[in-house]
Visitor: 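Sharing a structure, written as structure tokens. Questions coming.
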Protein chains: 2
Amino acid sequence: MASHGARGRSGGRPTLEEVAARAGVGRGTVSRVINGSPRVSDATRAAVEAAVAELGYVPNTAARALAANRTDAIALVVPEPETRFFAEPYFSDMLKGVGAELSDTEMQLLLIFAGSDKERRRLAQYLAAHRVDGVLLVSVHADDPLPDLLAQLEIPAVISGPRSAAETLTSVDSDNYGGARSAVEHLLGRGRGKIAHITGRLDVYGAQRRVDGYRDALGDAGHQVDERLIEAGDFTEEGGARAMTMLLERCPDLDAVFAASDVTAAGARQALREAGRRIPDDVALVGYDDSAIARHMDPPLTSVRQPIEEMGRRMIDLLLSEIADRRPAVSRGLEKRQMVLATELVTRASS
Amino acid sequence: MASHGARGRSGGRPTLEEVAARAGVGRGTVSRVINGSPRVSDATRAAVEAAVAELGYVPNTAARALAANRTDAIALVVPEPETRFFAEPYFSDMLKGVGAELSDTEMQLLLIFAGSDKERRRLAQYLAAHRVDGVLLVSVHADDPLPDLLAQLEIPAVISGPRSAAETLTSVDSDNYGGARSAVEHLLGRGRGKIAHITGRLDVYGAQRRVDGYRDALGDAGHQVDERLIEAGDFTEEGGARAMTMLLERCPDLDAVFAASDVTAAGARQALREAGRRIPDDVALVGYDDSAIARHMDPPLTSVRQPIEEMGRRMIDLLLSEIADRRPAVSRGLEKRQMVLATELVTRASS
DNA sequence: ATCACCTGTGGGAGCGCTCCCACAGTACCT
DNA sequence: AGGTACTGTGGGAGCGCTCCCACAGGTGAT
């Protein structure tokens, strides 16, 4: 009831027109002020700002979007079935970075799930309707058609984790190669000689890069890479346990394992226990992600930490600049659009 | 280039007007069809649908929002500094539920962080501008002004975790009282007699309810509640360790601990180890949340699982029905608007 | 004085929808 | 025959902005 009374005054929230009347200026001038145009005299600007404050004016997004043909919104597209992405710390950390970087802009963040076919069709409609100014893509598989759709629709997009070395989209990634190297070098430095590697899903580019880092770290240290010490995992605990079992069978004398994720390491630990190997006395173990699991494992797990929050921030930076570039029709050309951020090895009792 | 050719035809994406022309009907009729109005003949409907399909028409959200004064968007407001919420499994599970329930509606999901003051001011503006049709509120403290703001603006809202027994907002919660009871009853059933409780932050209503459940479970089993066996924690690992240390000092003969969260239990486990107590032989341990930590703890932790994904789904259900209720001006009155979902005890080796 | 060219400003047109009034057509009463 | 009451449809008005053209008034060159 109270609200009805309040609305009665002028029929709801103040409009730009009412602000103009109050400030004694035209509609165009108010628009210029709230959009930060420099072509307004100081006196006028002050008058408009006062009127805005007095009326508590807030621009109507829908009207603005309709008139200006932009949405001031970006979408974070999440491939839901990919539970790996939802796992701690990835998703929450990235969201923190994204949120932080977005907080001093006017941009909205839309969360879109693209797991099921139905959801994907809906997403395609969204994009076709240009309901967002830009898209953040995470955890995309090599054969996903989404990036091409985005390119075709000319929608600015940034991908986290490029699909391959030849990624065409702007991308942000952590240094999987360097991270793997640092893990292996750490183990070598601890005097370990027979270091095994349980890989991630090899259709994920980052997992491949970790294998590359593993190989090169060994090679550069003068070790011959023993293919029998490499076993494919899939980022899951079961996969880690399975791989570890096979490795122990093949090479009972291994003295260290570098796993492509903490969850994988947890599975490996299980298998090692069951085989009666002590960690780190018999076998040193290193994981990847520095998740809660690593901190709480027994013994606590040495792990490679990715700057995920920072990645989220950088993705927003790049996306916003792509959006800005596109607005004045002429793109600013080919800058360096593949960003790689350093990782950090967090040493704990497992190695 | 291809896309430019396609756009050239009529200057961009097809509009409702173009669909109308193509189908040989008026604008209003097309609007009725795409909004599912029953007042359209079957023949006309078919013609319009054909035209929509041929042109690949997708309604312009901005125009619709402007004309209809609704946004078809809801906001999930996240109090960011509250890292507890971001922790696994809470956030990701809830998001899964929310996403699933939203996937067969036209609603968009906006993620809004309301951590810093700046972000909160921005949020207030959002809400004042009615840029969303409804709000999902999670992890709200007793003294948060946000719920009142929402009520004042008459924006439909659903809260997860009521602020008190007298919560006025529609809420969805898990049965904290029952969950705690089941944990304590389980320990009693295992023959434990001196069961301690490390609480959560007591300014969180759910934490209070867990204390209530703990007390009543003991009382109903004919045990006198020993106040010295209750120690306040804060949902953190350090808090759990601190509380455990104090409990051991005060009551060295305790034989079980019910912790208000898995993280708290992890801290308690640390303190128990350092005091030389074996789990579960000397002291049984039960946590709350059934997080990754519980599964990977050594020994694996018995824990109370909350149906968080289900909570997300129910929140959306309730919110959508509130939004729908509000549309035809007359509210459908006071149904049961406080929903409580059952928990489940997951038994593992720690108890 | 005339012209050119700035800066600052007002306001019309139009973005693509929804809402609602008007009205033709049909059906069924009195 | 005239009334009343539907159903289905067309299209004007208007949502609150941005864009852009027009124009007033100032400044400095010719």
Side-chain angles (χ1 to χ4, degrees), chain A residues 7 10-48 51-52 55-73 106 128-131 133 327-329, chain B residues 7 10-48 51-52 55-73 106 128-131 133 327-329:
Chain A
R7 310 189 89 198
S10 63
R13 297 180 286 287
T15 68
L16 184 147
E17 190 113 34
E18 287 165 21
V19 173
R22 174 98 181 203
V25 300
R27 246 176 32 251
T29 301
V30 176
S31 177
R32 270 168 227 124
V33 171
I34 63 175
N35 287 295
S37 159
R39 318 210 135 285
V40 182
S41 71
D42 288 350
T44 307
R45 182 185 310 280
V48 171
V52 166
L55 295 174
Y57 170 73
V58 182
N60 179 314
T61 335
R64 177 177 281 180
L66 180 59
N69 195 33
R70 60 186 159 95
T71 62
D72 289 329
E106 290 286 271
H130 283 254
R131 272 150 78 151
D133 292 343
R327 294 243 227 263
Chain B
R7 310 187 91 196
S10 64
R13 296 180 287 285
T15 69
L16 184 147
E17 190 111 35
E18 287 165 20
V19 173
R22 173 96 181 203
V25 300
R27 245 177 31 250
T29 300
V30 176
S31 178
R32 270 168 228 126
V33 171
I34 63 174
N35 288 295
S37 158
R39 317 210 137 287
V40 183
S41 70
D42 289 349
T44 307
R45 182 186 310 282
V48 170
V52 166
L55 295 174
Y57 170 73
V58 182
N60 179 314
T61 335
R64 176 177 283 180
L66 179 59
N69 194 33
R70 61 187 160 93
T71 62
D72 290 330
E106 289 288 274
H130 283 256
R131 271 150 79 151
D133 292 342
R327 295 244 228 263

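So you know, we letter chains A, B, ... as the sequences are listed, proteins then strands, and number each from 1.
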Visitor: Between E18(B) (CD) and dG16(C) (C1'), how many Å, whole number?
Guide: 10 Å
Visitor: Do T15(A) and N60(A) have side chains that get closer than 4.5 Å, going by heavy atoms?
Guide: no
Visitor: For residues 20-38 of chain A, which residue pairs pass the salt bridge (charged side-chain N to carboxylate O under 4.0 Å, His left out) check, not counting sequence neighbours?
Guide: R22(A)-E54(A)
Visitor: Both N35(A) and S41(B) contact DNA chain D. Taking the nearest nucleotide for each, which residue is further toward the 5' end?
Guide: S41(B)
Visitor: Establish whether the base of dG10(C) is bridged to the side chain of R32(A) by a donor-acceptor pair shorter than 3.5 Å.
Guide: yes
Visitor: Within this structure, what is the CZ-to-C1' distance between R131(A) and dG16(C), rounded to whole angstrom?
Guide: 13 Å
Visitor: Of T29(A) and R27(B), whose closest DNA chain C nucleotide lies nearer the 5' terminus?
Guide: T29(A)
Visitor: Taking all non-hydrogen atoms of both residues, which atom of A23(B) and which atom of A47(B) are closest, and how far apart?
Guide: CB-O, 3.9 Å
Visitor: Go through the steps for R64(A) and N35(A) under the test side chain to side chain contact (heavy atoms under 4.5 Å, CB included), then give the verdict.
Guide: CA-CA 11 Å; R64(A) 177 177 281 180; N35(A) 287 295; 3.7 Å; yes
Visitor: Can you measure N69(A) atom CG to dC15(C) atom C1' for me and round it to whole angstrom units?
Guide: 8 Å
Visitor: Where the side chain of Y57(A) is defined as all heavy atoms beyond and including C-beta, which of dG16(C), dG8(D), dC17(D) is the nearest nucleotide?
Guide: dC17(D)
Visitor: How long is the line joining CG of D72(A) and C1' of dT18(D), in whole Å?
Guide: 12 Å
Visitor: Contact between V52(A) and V33(A) at the side-chain level, heavy atoms closer than 4.5 Å - yes or no?
Guide: no
Visitor: How many Å lie between CZ on R64(B) and P on dC17(D), as a whole number?
Guide: 21 Å
Visitor: Side-chain contact test, heavy atoms from C-beta onward, threshold under 4.5 Å: evaluate it for E106(A) versus T61(A) and give yes or no.
Guide: no
Visitor: Expressed in angstrom and rounded to an integer, what is the separation of R39(A) atom CZ from dC6(C) atom C1'?
Guide: 9 Å
Visitor: With heavy atoms under 4.0 Å as the rule, sort T44(B) into base, sugar-phosphate or nothing.
Guide: sugar-phosphate
Visitor: Quick check for you: among dG8(C), dT18(C), dC17(D), whose closest atom lies nearest to any side-chain atom of A68(B)?
Guide: dT18(C)
Visitor: Kindly indicate, with the supporting measurements, whether the criterion side chain to side chain contact (heavy atoms under 4.5 Å, CB included) is fulfilled by V19(B) and I34(B).
Guide: CA-CA 11 Å; V19(B) 173; I34(B) 63 174; over 6 Å; no
Visitor: In whole angstrom, what separates L66(B)'s CG from dA13(D)'s P?
Guide: 18 Å
Visitor: dG16(D) P sits how many Å from N60(A) CG, rounded?
Guide: 7 Å
Visitor: With a cut-off of less than 4.0 Å, is there a side-chain N or O of S31(B) near OP1 or OP2 of dC17(C)?
Guide: no
Visitor: End-to-end bend of the helix from dA1(C)-dT30(D) to dT30(C)-dA1(D) (five-pair axes, 10° rounding)?
Guide: 50°
